[in-house]
Participant: 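Following this message is one structure expressed as structure tokens.
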Amino acid sequence: MVTLLDKLGRPLRDLRISVTDRCNFRCTYCMPKEVFGKDFPYLEKNHIMTFEEIDRIVGIFTRLGVTKVRLTGGEPLLRKNLPELVSNLSMREVELAMTTNGVLLPRYAPALSAAGLDRVTVSLDAIDEGTFASITDSGHTVAAVLAGIEAAESVGLGPIKINTVVKRNVNENEMLDLIARFSDRDIAVRFIEYMDVGSTNGWKMDDVVPAQEIRQIVGASKAIKPNNANDVAKMYRLENGGEVGIISSVTEPFCGNCSRARISADGRLFLCLFSNKGLDLLSPMRKGLSDEYLEEEISRFWRSRSDRYSEIRTDSHKDRNRIEMSYIGG
Ligand code: SAM
Ligand code: SF4
Ligand code: SF4
């Protein structure tokens with residue numbers, strides 16, 4: 001396998017592709033309604049990668065060492081005919097996953113599974129309907145997300161993971177209920193520290209519930225050895241025998257293991273969630289440049305990479321023009 005190393009010796013292994021910058025939720029920490037309203041300048045259709053372009057890019061990245069591809073967004077299930085893309089990508093030698101808010105899974109899970117999707121991660125921040133409604137701000141329900149998880153499970157899109165962003169005084173008291181809800185199933189809940197991605201969510205350090213406190217609240221005392229050195233979630237054994245994951249992006253950063261690249265829906269390659277410099281891949285493709293040219297450009301970009309934003313997070317970064325999570329794909 002090809003191993004492309006960046007300046008800090010990190011290999012390129014994972015690729016996250018945003019298939020749309022639109023979403024049917026308005027999570028306050030990601031796409032606050034006041035900013036992402038009707039007049040927000042979403043990407044225009046002709047600036048969004050086609051399925052053929054995405055497939056071509058994935059082909060190039062697999063030759064550069066990528067073994068895992070994750071479809072994301074925005075809400076990836078809003079992209080029309082997504083199973084067709086999954087079907088194309090399933091011919092590639094990669095593990096194929098998707099991150100979704102889950103409410104459209106009852107409609108699409110069977111077709112996605114038949115098309116070759118391997119597994120899904122579903123985001124769910126609360127079990128209590130009121131808390132969920134105040135976070136997601138869009139009229140959708142916990143019941144609808146749970147139905148989505150059931151639908152994914154019933155067609156074998158597992159092992160399913162649940163992502164929960166924990167925000168101070170918003171949902172830290174939901175953690176035990178979330179664990180209890182999935183404790184009898186092969187579904188791991190992963191708690192994510194609220195991150196300062198983008199510039200629209202008004203992030204402050206006081207809103208972060210540190211991993212150390214999450215471990216105390218959920219009773220995660222015994223760390224489980226990771227299967228894969230590049231896993232971002234640290235897994236813990238609970239007293240009742242279950243498992244829980246914690247993604248401590250802010251207080252215990254893991255930039256040293258960061259093997260991910262991200263591509264926005266308009267085909268720009270970003271090597272860090274906090275970067276604002278993307279490499280445009282779509283224009284050269286549309287100008288007819290060759291795969292060899294793109295491979296060379298991507299390799300050069302990865303080799304020159306030294307980002308480790310979470311390890312050096314400082315106030316001086318606050319005013320930068322940061323890209324949004326819904327654009328770059330979480
Ligand atoms: N819409 C899909 C979903 O919510 O699963 C996929 C895209 S979403 C941007 C991907 C993940 O990013 C979700 O699990 C979401 O909770 C997480 N996320 C978004 N903003 C975040 C933030 N500021 N800090 C931590 N995680 C965040
Ligand atoms: Fe949409 Fe996902 Fe962002 Fe929530 S976290 S607004 S579901 S993209
Ligand atoms: Fe990777 Fe950037 Fe996150 Fe560090 S801050 S883990 S380099 S994406």
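This is a predicted model, so every value here is computed, not measured. Atom set for the values below is all heavy atoms of this structure, side chains included, hydrogens, waters and symmetry mates excluded. Counting convention: from 1, in listed order, for ligands and their atoms alike.
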Participant: Decide yes or no on side chain to side chain contact (heavy atoms under 4.5 Å, CB included) for Arg286 and Thr50, but give the supporting numbers first.
Facilitator: CA-CA 11 Å; Arg286 290 190 179 175; Thr50 64; 4.3 Å; yes
Participant: Report yes if the side chains of Ile224 and Tyr236 come closer than 4.5 Å at any heavy-atom pair, otherwise no.
Facilitator: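 Counting from C-beta outward, Ile224 and Tyr236 never come under 4.5 Å.
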Participant: Starting from atom 11 (C) of ligand 1, which protein heavy atom do you reach first, and at what distance in Å?
Facilitator: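 For this ligand atom, the closest protein heavy atom is Gly330 CA, 4.2 Å.
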Participant: What are the two closest heavy atoms between Ser90 and Ala115, and how far apart are they?
Facilitator: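 Scanning both residues, the minimum pair turns out to be OG-O, 3.2 Å.
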Participant: Considering only heavy atoms, which of Gly74, Cys23, Ser18 lies nearest to atom 1 (N) of ligand 1?
Facilitator: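 Result: the heavy atom closest to atom 1 (N) of ligand 1 is in Gly74.
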Participant: So, do Val170 and Tyr29 sit near enough that their side-chain heavy atoms are less than 4.5 Å apart?
Facilitator: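 They are not in side-chain contact.
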Participant: What do the steps show when you test Asp291 against Arg56 for salt bridge (charged side-chain N to carboxylate O under 4.0 Å, His left out), and what is the final call?
Facilitator: CA-CA 8 Å; Asp291 279 14; Arg56 182 174 167 200; 2.7 Å; yes
Participant: Which heavy atom of Glu75 sits nearest a heavy atom of Cys23, and at what distance?
Facilitator: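 Result for this residue pair: CB-SG, 3.7 Å.
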Participant: Indicate the atoms forming the closest heavy-atom contact of Trp203 with Val250, along with that distance.
Facilitator: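 Heavy-atom minimum between the residues: CZ2-CG1, 4.3 Å.
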Participant: At what distance is the nearest protein heavy atom to atom 26 (N) of ligand 1, and which residue and atom is it?
Facilitator: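 Atom 26 (N) of ligand 1 sits closest to the protein heavy atom Val165 CG2, 3.3 Å.
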Participant: Do Asn276 and Phe270 come within less than 4.5 Å of each other through their side chains, counting heavy atoms only?
Facilitator: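 SC-SC contact between Asn276 and Phe270 ruled out.
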Participant: Only heavy atoms of Asn101, strictly under 4.0 Å: list the atoms of ligand 1 that pass.
Facilitator: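 Reading through ligand 1 atom by atom, the close ones are 2 (C), 3 (C), 5 (O).
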Participant: Touching ligand 1 at all, Ser249? Heavy atoms, strictly under 4.0 Å?
Facilitator: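 No.
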Participant: Select one of side chain, backbone, both or neither to describe which atoms of Asn201 lie under 4.0 Å from any atom of ligand 1, heavy atoms only.
Facilitator: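 Looking at Asn201 and ligand 1, just side chain atoms fall under 4.0 Å.
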Participant: Nearest protein heavy atom to atom 18 (N) of ligand 1, by residue and atom, and its distance?
Facilitator: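 Checking every protein heavy atom, the shortest distance to atom 18 (N) of ligand 1 gives Met325 CE, 3.4 Å.
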Participant: Taking Ala143's backbone N and O only, do any of them form a donor-acceptor pair with Glu129's side chain (distance below 3.5 Å, no angle check)?
Facilitator: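 A pair under 3.5 Å: yes.
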Participant: Heavy atom to atom 14 (O) of ligand 1, shortest distance: which of Gly73, Ser326, Ser123 holds it?
Facilitator: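 Heavy atom nearest to atom 14 (O) of ligand 1 belongs to Ser123.
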Participant: Are Phe274 and Met195 close enough that some pair of their side-chain heavy atoms sits under 4.5 Å apart?
Facilitator: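 The answer is yes, as the side chains (C-beta and beyond) meet within the 4.5 Å cut-off.
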Participant: Count up the protein N, O or S atoms sitting under 2.8 Å from atom 1 (Fe) of ligand 2, would you?
Facilitator: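 Every protein N, O or S atom under 2.8 Å from atom 1 (Fe) of ligand 2 counted, the figure is 1.
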Participant: Between Arg185 and Glu153, does any side-chain N to carboxylate O distance fall below 4.0 Å?
Facilitator: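 Salt bridge between Arg185 and Glu153, a charged N being under 4.0 Å from a carboxylate O: yes.
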Participant: List ligand 1 atoms under 4.0 Å from Glu75, heavy atoms only on the residue side.
Facilitator: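 The list of qualifying atoms is 1 (N), 2 (C).
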Participant: Side chains of Leu64 and Ser299, heavy atoms from C-beta outward: is any pair under 4.5 Å?
Facilitator: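 Yes, their side chains come closer than 4.5 Å.
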Participant: Identify, for atom 20 (N) of ligand 1, the protein heavy atom at the shortest distance, and state residue, atom and that distance.
Facilitator: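 Going atom by atom, the protein heavy atom closest to atom 20 (N) of ligand 1 ends up being Tyr29 CD1, 3.4 Å.
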Participant: Could you tell me whether the side chain of Leu269 reaches within less than 4.5 Å of the side chain of Phe61, counting heavy atoms only?
Facilitator: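 Result yes, sub-4.5 Å side-chain heavy-atom pair found.
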Participant: Using a strict 4.0 Å cut-off to heavy atoms of Glu193, name the atoms of ligand 1 that fall inside it.
Facilitator: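 Near Glu193, the atoms of ligand 1 are 25 (C).
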Participant: Please examine the side chains of Arg63 and Glu295, heavy atoms only from C-beta on, and report whether any two atoms are closer than 4.5 Å.
Facilitator: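 A side-chain contact exists here, since the closest heavy-atom pair is under 4.5 Å.
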Participant: Among all protein heavy atoms, pick the one closest to atom 23 (N) of ligand 1 and tell me residue, atom and distance.
Facilitator: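 Here the nearest protein heavy atom works out to Met195 O, 3.0 Å.
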Participant: Using 30° and 60° as the class limits, which term best fits the ring planes of Phe36 and Tyr42: parallel, tilted or perpendicular?
Facilitator: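 Geometry flag for Tyr42 against Phe36: tilted rings.
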Participant: Just let me know how Thr72 lines up against ligand 1, side chain, backbone, both or neither, with a heavy-atom cut-off below 4.0 Å.
Facilitator: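 Thr72 to ligand 1: side-chain contact only, backbone stays beyond 4.0 Å.
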Participant: Identify which protein N/O/S atoms are less than 2.8 Å from atom 2 (Fe) of ligand 3.
Facilitator: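 Listed by chain and number, the nearby protein N, O or S atoms are Cys272 SG.
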Participant: So, are Asp207 and Arg168 salt-bridged, with charged N and O less than 4.0 Å apart?
Facilitator: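 No, Asp207 and Arg168 are not salt-bridged.
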Participant: With atoms numbered from 1 as shown, which atoms in ligand 3 lie under 4.0 angstrom from a non-hydrogen atom of Arg305?
Facilitator: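 Here the atoms of ligand 3 in question are 1 (Fe), 7 (S).
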